[in-house]
Amino acid sequence: FKRAPYRRESLNCWHYNIKKCNISVMEHLVLFKLKGNTTEENLRELREECLKMKGQIKGIVSVTAGANVTAEKARAKGYGFGLRVTLDSEEALKNYATDPVHKRLIQQHLVKYCELAETTVVDYPIDLPSKI
């Protein structure tokens with residue numbers, strides 16, 4: 001499966017009820033299943049380390065992360081932690097994957113608390129209006 005190149009002009013910003021978008025970004029969503037011995041303190045540490053990426057990796061617009069607090073446990077499918085990274089371009093997303101800061105986060109933090117083989121990742125383009 002090879003996805004077609006992303007074309008900003010082919011999408012509408014339906015969620016902002018406008019016809020033309022001026023800012024294109026990429027959303028990177030990651031869901032993690034936690035190891036059995038992961039504590040709330042570990043999750044706070046993991047969240048803090050994830051949030052630090054914003055000032056350290058070029059192209060990151062925003063980062064949110066945290067423990068899954070849903071009341072719908074059956075629908076959570078065992079995922080206990082989520083990460084959302086918004087990047088300023090598709091190129092930035094590609095660079096993010098190989099960035100040393102990202103790799104260090106995986107090797108020093110995620111591997112300790114998360115079952116990396118059970119990770120789910122979704123990347124998709126979004127358009128934002130130039131003025132919100």
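Along the sequence shown, the residues carry numbers beginning at 1.
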Sorted by chain and number, sequence neighbours left out, side-chain hydrogen bond (donor to acceptor under 3.5 Å, both in side chains) with K54 holds for none
Side chain to side chain contact (heavy atoms under 4.5 Å, CB included) involving I106 - partner list, sequence neighbours excluded
H102, L110, L116
Partner residues of K58 under the salt bridge (charged side-chain N to carboxylate O under 4.0 Å, His left out) criterion, sequence neighbours left out:
none
How would you list, by chain and number, every residue that makes a side-chain hydrogen bond (donor to acceptor under 3.5 Å, both in side chains) with E72, sequence neighbours excluded?
R75
Show me the pairs that pass salt bridge (charged side-chain N to carboxylate O under 4.0 Å, His left out) and involve residues 96-115, at least two apart or across chains.
E45-K112
Could you work out, with side chain to side chain contact (heavy atoms under 4.5 Å, CB included) as the rule, every residue matching A97, not counting sequence neighbours?
none
According to a hydrophobic-cluster definition based on side-chain heavy atoms being under 4.5 Å apart (Ile, Leu, Val, Met, Phe, Trp, Tyr only), do Y79 and V85 belong together?
no
So, using salt bridge (charged side-chain N to carboxylate O under 4.0 Å, His left out) as the criterion, who are the partners of E91 when residues are at least two apart?
none
Test of understanding: clusters of I, L, V, M, F, W, Y form through side-chain heavy atoms closer than 4.5 Å, transitively. Do L51 and L83 belong to the same one?
yes
Approximate separation, where rounding is to 0.5 Å, of N95 CG and E90 CD:
11.5 Å
Between L105 and V121, is there shared hydrophobic-cluster membership here, with clusters defined by ILVMFWY side-chain heavy atoms closer than 4.5 Å?
yes
Please name all residues satisfying side-chain hydrogen bond (donor to acceptor under 3.5 Å, both in side chains) with R44, sequence neighbours left out, ordered by chain then number.
E41
Any sub-3.5 Å donor-acceptor pair from T38's side-chain atoms to Y113's backbone N or O?
yes
Residues pairing under salt bridge (charged side-chain N to carboxylate O under 4.0 Å, His left out) where one sits in residues 76-88, two or more places apart or in two chains, turn out to be E27-R84
Would you please name every residue forming a side-chain hydrogen bond (donor to acceptor under 3.5 Å, both in side chains) with T39, sequence neighbours left out?
N42
Run the ring-ring contact (aromatic ring centres under 6.0 Å, His included) test against H28 and tell me which residues pass, sequence neighbours left out.
Y96
Would a hydrophobic clustering, with Ile, Leu, Val, Met, Phe, Trp and Tyr connected at side-chain separations under 4.5 Å, put L46 with I60?
yes
